[in-house]
Colleague: 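I am attaching a structure below and will ask some questions about it afterwards.
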Amino acid sequence: MDIKKLLKDNLNPAQYEAVTTIDGPILVVAGAGTGKTRVIEYRVLYLVSKGISPQSILLLTFTRRAAREMLSRAARHNKLCEYIYGGTFHSFGFSIISEFATALGYKRPISFLDEADSEEIIYRLAIKLGYTEKKKRFPTKTTLKSVISASFNRGESIENVLLKDYPHFLHLAKNIEHLKEEYVKYKINHNLLDYDDLLIYLRLLLLKEPIRKRLSERFRYIMVDEFQDTNKIQAEIVYLLGKEHKNVMAVGDDAQSIYGFRGARYENMFEFLDIFPKAKIIKLEENYRSTQPILNLANAVIERAKKKYTKVLVAKREEKEKPKLFIFKDPQNEAEWVAEKIIELRNEGIPLHHIGVLFRSLYLGRPLEIALSKRLIPYKVYGGIRFIETAHIKDLISHIKIIANPLDELAWQRVLMLIEGIGPKTADKIINEIIKNGNFKEVLFSFSKNPRYGIGIKKLFEALKEASIERLSVAEIVSILSDYYMPILERKYDDYQRRASDIESLKQIAMGYKSIETFLVELIAIEPAEKSIDDIITLYEDEQPVILSTIHSAKGLEWDIVFIIGLADGHFPVSHNVMSEEELEEERRLFYVAITRAKTKLYLSVPHRGYRGGITIFNRLCRFLDDGEILKLLDVSEKDYLFEDYELAYDKEELLRKILEEL
DNA sequence: GCTTTACTAGTTTTT
DNA sequence: CTAGTAAAGC
């Protein structure tokens with residue numbers, strides 16, 4: 001098949017140029033819906049078709065799902081594309097660090113700390129240092145972790161981070177600075193890595209010339225998607241890798257930068273041109289996704305930003321229907337209406353998975369979840385806590401961690417506290433014994449005589465003994481431990497059946513691993529989510545679900561019909577973020593991202609009444625919409641969607657009879 | 001008196 | 001879901 005013809009048939013001139021320029025740096029400024037995914041997909045294909053080895057191509061994306069999608073689409077034309085390394089900076093960091101662990105002085109296997117683990121360790125160190133004893137308020141463990149993390153990701157001192165994000169803790173700068181040092185020391189001494197380390201250590205490796213040379217020679221063609229949401233370390237990693245060959249393509253859109261809170265800097269887009277002065281700039285402005293009325297709204301919203309963005313999107317699609325704005329009585333009304341509308345659309349023949357409902361924060365989607373469940377409409381929520389961070393999965397993983405490392409204090413803590421009659425004090429006591437003795441079996445056995453919790457300890461003892469028999473497969477270990485955990489799960493959670501199916505998923509994933517250490521590290525560090533977990537948890541086999549998503553998680557996605565709900569000022573933009581101009585601007589870009597997800601129809605809605613802290617408040621429309629000129633771009637209507645006017649379905653006597661009959 | 005358990009309020013976005 | 005607090009249990 002003639003590759004040039006394939007490209008010509010599928011790409012516009014700007015896209016074609018981006019795809020076929022393979023030597024030297026390029027910056028592709030790609031507005032929403034302008035086909036940047038297509039550019040990456042075909043560029044991958046073009047490189048491979050020119051005989052470039054797939055192993056020398058590196059594709060860095062924002063989520064692993066994005067990489068997988070692009071590569072599998074390219075692979076439809078040429079199988080070789082499957083062998084390209086594609087993933088997030090974090091997963092790339094993970095694989096390089098694993099390869100060079102010894103160069104960093106780390107022993108393999110390395111243990112990996114998830115977010116909660118790192119918070120816990122930091123807080124324990126703070127206690128040890130006596131920082132929490134003072135009468136004055138000390139930050140929570142979440143705050144401590146986020147300050148330390150921000151300091152790494154933004155390359156700023158603790159003092160600067162505090163000044164900007166937590167000025168009321170500024171007086172603690174010295175303490176937290178010290179804590180940061182202690183935390184790093186702790187991780188190095190205990191052979192531990194956290195998420196930030198995946199970037200930090202990758203950069204450190206690249207700062208050693210021989211290693212950098214080797215990696216730079218290996219990855220001769222580098223592509224980075226969503227460049228506007230990379231942070232300082234990530235940009236530096238790209239520059240270091242591309243230093244010699246300069247074959248780097250960065251794709252991004254400064255108007256879609258929405259991860260500032262995580263250290264992302266859209267300035268990286270401009271800095272790219274300083275680092276690579278000869279970079280070719282290609283702008284994609286023809287929008288293939290949305291209709292013109294939808295783009296008119298998107299353009300008007302972003303035009304009112306303080307900072308000027310250069311692109312104006314022009315639609316290729318000509319439909320005339322304006323986006324609609326509905327004002328509802330309260331969030332329940334809003335949810336009921338959206339649910340009914342979704343049914344209506346489904347009856348018109350639109351598949352559910354072509355519909356997306358977006359919101360600023362997860363709680364805004366809750367009423368809709370209820371409304372959809374009531375109507376038995378399958379849905380899936382994007383965003384929120386990850387699979388491995390749900391309580392029941394963390395519980396089971398902690399048991400597995402003990403098998404991998406019998407001296408893992410954090411894991412023991414969690415495991416012991418699950419036993420009835422054991423709280424933090426008793427758990428500490430037992431853990432101290434285990435650390436001192438070194439043989440957990442002996443210790444557990446001695447505690448199994450306690451009248452309060454002895455029986456529970458005995459069961460745990462049996463399960464751990466069985467699971468630590470040599471030569472068991474990972475799947476067998478997981479299975480033994482989950483058999484032990486199941487009764488605990490049932491006792492602890494009302495919705496244990498749903499959670500039990502997650503446990504089954506974990507067993508499935510375990511089957512793919514040969515060593516328990518790799519299983520644990522990969523599960524936590526690079527969560528094989530997109531592949532296995534997402535595919536395994538298919539609750540509704542007959543019908544693809546409608547997607548409910550935070551706007552952040554909707555990045556890069558599109559739907560035929562999009563609802564954006566909860567457009568009340570204070571909820572969106574979030575009230576914390578209206579004080580500083582910088583944060584408010586990011587909220588505006590977030591709204592822009594939400595609007596540009598829609599292909600054909602866009603429904604905006606706001607509940608008039610809301611509740612906060614027990615009192616009813618009346619909402620104002622989201623400030624990005626509350627503007628005469630913008631409202632002109634919308635069809636506005638008020639809906640009082642009530643169910644009170646249903647005919648009386650049961651009278652009191654009948655109701656009583658029915659209920660008793662059911663018993 | 002020490003520990004565990006039960007309850008309640010408030011909740012931004014995430015690799 | 002978790003931090004903080006009140007109540008219950010040994």
Side-chain angles (χ1 to χ4, degrees), chain A residues 60-67 87-94 112 114-116 118-120 123 137-143 145-146 149-150 152-153 165 194-200 202 226 229-231 233-234 257-264 358-366 382-392 394-395 416-429 450-453 456 491-493 495 524-527 529-530 549-555 566 570-578 583 586-587 589-591 593-594 611-614:
Chain A
L60 295 170
T61 54
F62 200 72
T63 62
R64 300 183 73 221
R65 184 177 55 206
T88 60
F89 277 91
H90 289 87
S91 67
F92 177 62
F94 175 73
F112 201 86
D114 70 17
E115 209 58 21
S118 4
E119 284 176 13
E120 199 57 46
Y123 201 71
R137 201 162 76 108
F138 199 74
T140 61
K141 50 185 174 182
T142 312
T143 310
K145 170 77 211 307
S146 89
S149 184
F152 280 122
N153 281 297
D165 296 347
D194 68 11
Y195 285 102
D196 295 334
D197 292 334
L198 296 179
L199 302 179
I200 295 167
L202 174 57
E226 309 280 10
D229 278 322
T230 52
N231 66 28
I233 305 182
Q234 291 169 324
S257 165
I258 55 175
Y259 278 90
F261 67 91
R262 209 171 81 182
L358 306 182
F359 31 79
R360 169 67 243 253
S361 315
L362 278 163
Y363 70 90
L364 294 169
R366 291 283 131 82
Y382 283 5
I385 35 167
R386 305 159 63 204
F387 178 75
I388 49 141
E389 304 213 322
T390 53
H392 50 293
K394 287 212 69 175
D395 284 348
L416 291 170
M417 299 251 294
L418 288 170
I419 295 170
E420 258 174 313
I422 297 183
K425 297 288 171 184
T426 316
D428 271 347
K429 207 166 79 191
N450 184 294
R452 261 173 79 101
Y453 46 76
R491 172 170 55 81
K492 205 173 153 198
Y493 304 102
D495 59 343
I524 301 165
I526 55 172
E527 185 173 3
E530 296 81 6
S549 176
T550 61
I551 303 171
H552 284 91
S553 304
K555 182 184 179 120
H571 297 277
F572 191 5
V574 165
S575 46
H576 309 103
N577 282 352
V578 299
E583 281 164 325
E586 183 153 307
E587 295 281 312
R589 292 192 296 265
L590 194 58
F591 189 41
V593 169
Y611 305 95
R612 259 203 177 174

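So you know, we letter chains A, B, ... as the sequences are listed, proteins then strands, and number each from 1. Side chains are part of it too, since the values below use all heavy atoms of this structure and drop only hydrogens, waters and symmetry mates.
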Colleague: Among F591(A), F359(A), Y363(A), exactly one meets ring pair (Phe, Tyr, Trp, His ring centres under 6.0 Å) together with F572(A). Which residue is that?
Modeller: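 Among the candidates, only F591(A) passes.
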Colleague: Residues in side chain to side chain donor-acceptor pair (under 3.5 Å) with E226(A), at least two apart?
Modeller: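 With sequence neighbours excluded, E226(A) shows a side chain to side chain donor-acceptor pair (under 3.5 Å) to K36(A), Q228(A), given in chain and number order.
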Colleague: Provide, to the nearest angstrom, the distance between the CG atom belonging to L590(A) and the C1' atom belonging to dT14(B).
Modeller: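 The answer, rounded to whole Å, is 13 Å.
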Colleague: What integer distance in Å separates D194(A):CG from dT14(B):P?
Modeller: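 To the nearest whole Å, that distance equals 19 Å.
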Colleague: Could you check how far OH of Y195(A) sits from C1' of dT14(B), rounded to whole Å?
Modeller: 10 Å
Colleague: Just call it for F62(A): base, sugar-phosphate, or nothing, with non-hydrogen atoms closer than 4.0 Å on any strand.
Modeller: sugar-phosphate
Colleague: Please list, chain by chain and in numerical order, all residues satisfying side chain to side chain donor-acceptor pair (under 3.5 Å) with E583(A), sequence neighbours excluded.
Modeller: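 For E583(A), the residues satisfying side chain to side chain donor-acceptor pair (under 3.5 Å) (neighbours in sequence not counted) are S580(A).
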Colleague: Which is it for D196(A) and I233(A) under the side-chain contact (heavy atoms from CB on, under 4.5 Å) test, yes or no, and what are the steps along the way?
Modeller: CA-CA 10 Å; D196(A) 295 334; I233(A) 305 182; over 6 Å; no
Colleague: List the residues meeting ring-ring contact (aromatic ring centres under 6.0 Å, His included) with F89(A), not counting sequence neighbours, and say none if there are none.
Modeller: none
Colleague: Using centres under 5.5 Å plus planes under 30 degrees as the test, is F261(A) stacked with dT12(B)?
Modeller: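 So no, this residue does not stack on that base, at least one cut-off failing.
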Colleague: dT13(B) C1' sits how many Å from D165(A) CG, rounded?
Modeller: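 Value for this atom pair: 14 Å.
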Colleague: Only counting residues at least two apart or in another chain, list the ones meeting ring-ring contact (aromatic ring centres under 6.0 Å, His included) with F92(A).
Modeller: Y85(A), F219(A)
Colleague: Identify, with sequence neighbours excluded, every residue that meets ring-ring contact (aromatic ring centres under 6.0 Å, His included) alongside Y453(A).
Modeller: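 Once residues adjacent in sequence are excluded, Y453(A) has no partner under the ring-ring contact (aromatic ring centres under 6.0 Å, His included) criterion.
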Colleague: Rounded to the Å, how far apart are L364(A) CG and dG10(B) P?
Modeller: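 Nearest whole value for this atom pair: 17 Å.
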Colleague: At under 4.0 Å between heavy atoms, what does L362(A) touch on the DNA or RNA strands: base, sugar-phosphate, or nothing?
Modeller: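 If one applies the 4.0 Å heavy-atom cut-off, L362(A) turns out to touch the sugar-phosphate alone, with no base involved.
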Colleague: To the nearest Å, give me how far apart CZ (F359(A)) and C1' (dT11(B)) are.
Modeller: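 F359(A) atom CZ is separated from dT11(B) atom C1' by 14 Å.
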Colleague: For T140(A), check side chain to side chain donor-acceptor pair (under 3.5 Å) against everything at least two apart and list the hits.
Modeller: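 Partners of T140(A) under the side chain to side chain donor-acceptor pair (under 3.5 Å) test: T143(A).
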Colleague: Using a heavy-atom cut-off of under 4.0 Å over every strand shown, decide if S553(A) touches base, sugar-phosphate, or nothing.
Modeller: sugar-phosphate
Colleague: Round to the nearest Å and state the distance from H552(A) atom NE2 to dT14(B) atom P.
Modeller: 7 Å
Colleague: Which letters describe nucleotides 1-8 of chain B, given B = protein heavy atom under 4.0 Å from base, S = only from sugar-phosphate, - = neither?
Modeller: --SSS---
Colleague: Test of understanding: with ring-ring contact (aromatic ring centres under 6.0 Å, His included), list the residues that count as partners of Y259(A), not counting sequence neighbours.
Modeller: F62(A), F261(A), H552(A)
Colleague: Detail all sub-3.5 Å separations between protein N/O atoms and N/O atoms belonging to nucleotides 1-6 of chain C.
Modeller:
none

